[in-house]
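Right, one structure below, let's go through it.
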Amino acid sequence: MIRESIAIIERVRRIGAGWQQVSIAVEETALANIQPGQSLLVRTHNSWEPYLRSIWVPIDADPAQNLIEIERPDSETYLPDVDIHLLGPVGIPFSLQKSTKNLLLIAQDFPPTRLRFLLNVALRSQRAVTVVLTGEAKKYPVAAFPTETEIIYSDDTQTWPSQKETLLWADQVFVVAPIPFYELYFSQLQQVALEIRHALPENYLNAVYDLPMPCGTGACMACMVSSRQYTCLDGPAFDLAKMRF
Ligand code: FES
């Protein structure tokens, strides 16, 4: 359930290549139980204007300490001990299947921030994780990833070395792509996976939409994926076995 609350910035740490990690202490343990896929809508000032919130994507959480780790561009300035106003959690947790042993995360020409929490959770539960970084995603500071992560780089934005093998190896795939091209990238990957596997099992290939979410409640329609689906209510991940482009 989405709730308003206040958190305090505990720590700010630069991780390189234009990114910083912000640790926030939240009031409620329920919020610190935020799951991969869910976001927070944040105001860092005291205005009551509901549409001036930015989307903060957790990359990890520690419910024992009531801490959530966020990744933000380092062009923004955050200081320890400052209050921030939260609305969340927004969205549905990623559906990581119990049976999944091999997880493929693809940052297609787009930073992998939205996949990092899932990466951490999967590794902590003894899954094997491969991350594919193509195009712009190659600029991401991968030193921030856990060392057991396997990373594949590609200059080509839509394909990568061992594409067929990795898609066959994976029990589940989650892919992010930039807004202007996401339909193109998602539909092409859907096609490639279909050719390789002949059928797309449910929950196998998941497109993660990174759309603006001004309200987080289904009211503004800014995050509409299809006529009846909203990123804030039904996403951010959508099963590509069910998507038509
Ligand atoms: S953020 Fe307003 S409808 Fe989803």
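If you read the sequence from its start, that first residue is 1, and numbering goes on from there. Remember, it's 1-based here, ligands and their atoms both numbered in the order they're listed.
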Distance-only, no hydrogens or angles: does the Arg3 side chain make a donor-acceptor pair with backbone N or O of Gly88 under 3.5 Å?
no
Taking NZ, NE, NH1 and NH2 as the nitrogens, is one of them in Arg53 or Glu4 under 4.0 Å from a carboxylate oxygen of the other?
yes
Decide ring pair (Phe, Tyr, Trp, His ring centres under 6.0 Å) for Trp56 and Phe117; before the verdict, give the C-alpha distance in whole Å, the side-chain angles of both, and the deciding distance to 0.1 Å.
CA-CA 12 Å; Trp56 281 24; Phe117 197 177; over 10 Å; no
Using the side-chain contact (heavy atoms from CB on, under 4.5 Å) rule, take Thr130 and Leu105 through it: C-alpha gap first, then chi angles, then the decisive distance, then the call.
CA-CA 6 Å; Thr130 294; Leu105 304 176; over 6 Å; no
How many protein N, O or S atoms sit closer than 2.8 Å to atom 4 (Fe) of ligand 1?
2
Given the ring of Phe145, does Arg116 sit roughly above its face, with NZ or CZ under 6.0 Å from the centre of the six-membered ring and within 45° of the axis?
no
Between Tyr78 and Glu76, is a side chain to side chain donor-acceptor pair (under 3.5 Å) present by the stated rule, with each step listed?
CA-CA 7 Å; Tyr78 299 105; Glu76 301 170 356; 2.4 Å; yes
